[in-house]
Participant: 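Can you read through this structure? Questions will come right after.
Each ligand, and each atom within it, is numbered from 1 in the order the structure gives.
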Amino acid sequence: IEENNLTSSDFVLPLFLVEGKNKKQSIKSMPGVYRYSLDKINFVVDKAIKSGLPMVALFPYTNPRKKNYLGTESLNEDNLVCKALRSIKKKYKNEIGIMCDVALDPYTSHGHDGLLRGKYVLNDETIKILINQSLLQAQMGCDVLAPSDMMDGRIGEIRKSLDKNGFNMTQILSYAVKYASSFYGPFREAVGTKGLLKTDKKNYQMDFRNSNEALREVALDIKEGADMVMIKPGMPYLDIIRDIKENFKLPVMAYQVSGEYSIISYAIKKKLINEESIIEILNSFKRAGANAVVTYFANHVAKILK
Ligand code: PBG
């Protein structure tokens with residue numbers, strides 16, 4: 001008679017990648033989360049498959065020497081994400097899905113998700129690059145493209161170019177509702193954009209005082225061809241998850257972001273709350289209407305559930 005339940009197939013595990021060999025680097029602000037070099041990544045992917053997770057999400061820590069103002073490393077077929085896609089797909093075929101961010105922030109010297117002119121990120125000029133980044137990642141074997149850049153109109157353009165090039169089976173999970181949030185701080189340490197950002201992302205990410213705008217963002221992305229939508233961050237935006245699910249009835253994902261992970265992890269470490277809090281919080285996502293959750297706890301939770 002429980003109305004909601006968690007299963008391991010509800011969770012997507014983010015993976016941070018780093019260049020080099022035999023590396024497992026800890027991330028100071030995210031206890032228990034690591035960056036892995038490609039030769040070490042199989043260990044984590046094995047675990048994810050055994051846990052029954054349906055998908056991992058790849059995020060690169062790009063060597064600062066490879067970053068530039070235009071983020072051109074995003075289009076290099078030998079960048080970290082492309083190499084990881086090829087090697088994971090070769091080894092695991094379709095045993096596990098792979099999702100990739102579409103955005104320029106891991107590659108730009110200013111840490112913004114798109115091309116910067118003065119204080120602003122240029123919407124239409126950025127989309128032209130995102131189309132090519134999407135196509136490249138699809139060619140390398142990405143199953144689910146996840147534009148997290150928050151430019152307007154990119155879903156339609158990406159869908160069109162995927163279909164034209166024979167990638168009609170590649171899915172698009174649009175980060176349709178991504179708030180300009182302070183909860184992304186630890187992630188920015190993980191991917192190495194923290195010191196680079198001189199301004200916030202309020203010019204393209206959403207204002208946390210708004211909820212009607214979330215409905216407009218989702219409506220546009222569905223019309224343009226999104227298969228699923230992401231709400232992000234998670235716990236401070238459960239009302240938005242509920243709103244979107246009730247209004248649109250399409251698969252809704254939520255991202256329990258790095259700041260949420262760190263708060264919970266540090267509180268557990270300090271014994272302020274216990275481990276069951278993780279399960280309690282993740283159930284709140286399900287109650288609100290999320291069909292799946294991207295969470296750094298994915299492997300851990302799968303183990304608890306077993
Ligand atoms: C960037 C991106 C961000 C996250 C995922 N993709 C951060 C940002 O917009 O600055 C955040 C994830 C997290 O905090 O866990 N495109």
Side-chain angles (χ1 to χ4, degrees), residues 11-17 27-35 55-62 67 71 73-74 79-81 99-116 121 123 126-127 129-130 133-134 137 142 144-151 154-155 158 172-208 217 229-237 253-266 281-282 285 293-298:
F11 303 113
V12 176
L13 176 71
L15 292 178
F16 294 115
L17 311 168
I27 298 156
K28 215 174 124 228
S29 55
M30 300 180 78
V33 177
Y34 302 89
R35 299 185 199 101
M55 188 152 74
V56 292
L58 303 180
F59 295 102
Y61 176 93
T62 305
K67 296 187 183 190
E73 178 68 4
S74 61
N79 70 24
L80 263 177
V81 168
M99 158 180 152
C100 293
D101 248 35
V102 178
L104 301 185
D105 58 299
Y107 310 106
T108 52
S109 47
H110 43 74
H112 278 288
D113 294 40
L115 298 178
L116 194 64
V121 163
N123 193 88
T126 299
I127 292 178
I129 303 177
L130 299 180
Q133 185 187 21
S134 300
Q137 294 184 150
C142 176
V144 178
L145 289 165
S148 69
D149 55 288
M150 285 298 276
M151 299 307 118
R154 85 284 202 217
I155 299 299
I158 291 171
I172 299 181
L173 161 60
S174 173
Y175 283 77
V177 185
K178 179 173 179 184
Y179 284 90
S181 168
S182 7
F183 287 86
Y184 307 144
F187 175 93
R188 291 177 188 167
E189 183 204 337
V191 298
T193 59
K194 199 170 188 172
L196 304 175
L197 275 173
K198 299 285 176 273
T199 51
D200 59 40
K201 297 191 175 182
K202 290 183 176 171
N203 149 227
Y204 46 105
Q205 298 181 347
M206 272 185 58
D207 185 330
F208 51 71
E217 291 277 7
V229 291
M230 180 86 87
I231 320 288
K232 174 183 182 184
M235 196 158 68
Y237 297 94
M253 288 215 197
Y255 200 138
Q256 183 183 51
V257 300
S258 56
E260 299 175 66
Y261 172 86
S262 301
I263 291 171
I264 301 162
S265 299
Y266 273 106
I281 292 167
L282 289 171
F285 287 82
V293 184
V294 181
T295 171
Y296 303 93
F297 288 118

Participant: Think K201 forms a cation-pi with Y184, using NZ or CZ under 6.0 Å from the six-ring centre and within 45 degrees of its axis?
Facilitator: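 No, K201 does not lie over the aromatic ring of Y184.
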
Participant: Just so I know, are the side chains of T199 and H112 near enough to count as touching, which here means a heavy-atom distance under 4.5 Å?
Facilitator: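 In short, these two side chains touch, coming nearer than 4.5 Å.
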
Participant: Please list, in number order, the atoms of ligand 1 under 4.0 Å from a heavy atom of Y296.
Facilitator: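 So the answer, numbered in order with elements, is 12 (C), 13 (C), 15 (O).
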
Participant: In Å, rounded to the nearest 0.5 Å, how long is the span from SG of C100 to CG of L173?
Facilitator: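 Between atom SG of C100 and atom CG of L173 there are 11.5 Å.
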
Participant: Would you mind checking which non-hydrogen protein atom is closest to atom 3 (C) of ligand 1, with the distance to 0.1 Å?
Facilitator: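 The protein heavy atom lying closest is F187 CE2, 3.4 Å.
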
Participant: Please check: side-chain N/O of Q137 versus main-chain N/O of D101, any donor-acceptor pairing under 3.5 Å?
Facilitator: yes

Participant: Of all the non-hydrogen atoms in the protein, which one sits nearest to atom 14 (O) of ligand 1, and at what distance?
Facilitator: S258 OG, 2.7 Å

Participant: Working to the nearest 0.5 Å, report the span between NE2 of H110 and CG of L197.
Facilitator: 9.5 Å

Participant: Determine the minimum heavy-atom distance between A180 and K202, stating which atoms define it.
Facilitator: CB-CG, 3.7 Å

Participant: May I ask you to decide if the ring planes of Y296 and F16 are parallel, tilted or perpendicular, using 30° and 60° as cut-offs?
Facilitator: parallel

Participant: What protein heavy atom is closest to atom 1 (C) of ligand 1, reported as residue, atom name and distance in Å?
Facilitator: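 Looking at atom 1 (C) of ligand 1, the protein heavy atom closest to it is D105 OD2, 3.0 Å.
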
Participant: Can you sort out which atoms of ligand 1 are near A103, meaning under 4.0 Å from one of its heavy atoms?
Facilitator: 16 (N)

Participant: Do me a favour and list the nearest non-hydrogen protein atom to atom 9 (O) of ligand 1 with residue, atom name and distance?
Facilitator: K178 NZ, 2.8 Å

Participant: Among protein heavy atoms, which sits nearest to atom 5 (C) of ligand 1, and what does the distance come to when rounded to 0.1 Å?
Facilitator: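 Going by distance alone, atom 5 (C) of ligand 1 is nearest to K232 NZ, 2.6 Å.
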
Participant: For atom 8 (C) of ligand 1, which protein heavy atom lies nearest, and how many Å away is it?
Facilitator: K201 NZ, 3.3 Å

Participant: Short list, please: which atoms of ligand 1 are under 4.0 Å from a heavy atom of S148?
Facilitator: 1 (C), 6 (N), 16 (N)

Participant: Give the atom numbers and elements of ligand 1 that come within less than 4.0 Å of a heavy atom of D113.
Facilitator: 1 (C), 16 (N)

Participant: When rounded to the nearest 0.5 angstrom, what distance separates CG in L130 from CG in L104?
Facilitator: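 So the gap between those two atoms works out to 5.5 Å.
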
Participant: Is E260 near ligand 1, meaning one of its heavy atoms is under 4.0 Å from it?
Facilitator: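 Checking ligand 1 against E260, which is what was asked, there is no heavy-atom contact under 4.0 Å.
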
Participant: Could you check whether the rings of Y179 and Y237 sit parallel, tilted or perpendicular, using 30° and 60° as the cut-offs?
Facilitator: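 If you compare the ring of Y179 with that of Y237, the planes turn out parallel.
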
Participant: Any non-hydrogen side-chain atom of F183 less than 4.5 Å from a side-chain atom of P236?
Facilitator: yes

Participant: Quick one: does ligand 1 sit under 4.0 Å from the side chain of Y255, the backbone, both or neither, non-hydrogen atoms only?
Facilitator: side chain

Participant: Tell me the contacting part of T193 for ligand 1: side chain, backbone, both, or neither, using a 4.0 Å heavy-atom threshold, strictly below.
Facilitator: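 Neither; nothing of T193 gets under 4.0 Å from ligand 1.
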
Participant: Compute the shortest N/O to N/O distance between Y175 and ligand 1 and return yes if it is under 3.5 Å, no if not.
Facilitator: no

Participant: Look at atom 6 (N) of ligand 1 and say which protein heavy atom is nearest, naming residue and atom and giving the distance to 0.1 Å.
Facilitator: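 Closest protein heavy atom to atom 6 (N) of ligand 1: D101 OD2, 2.9 Å.
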
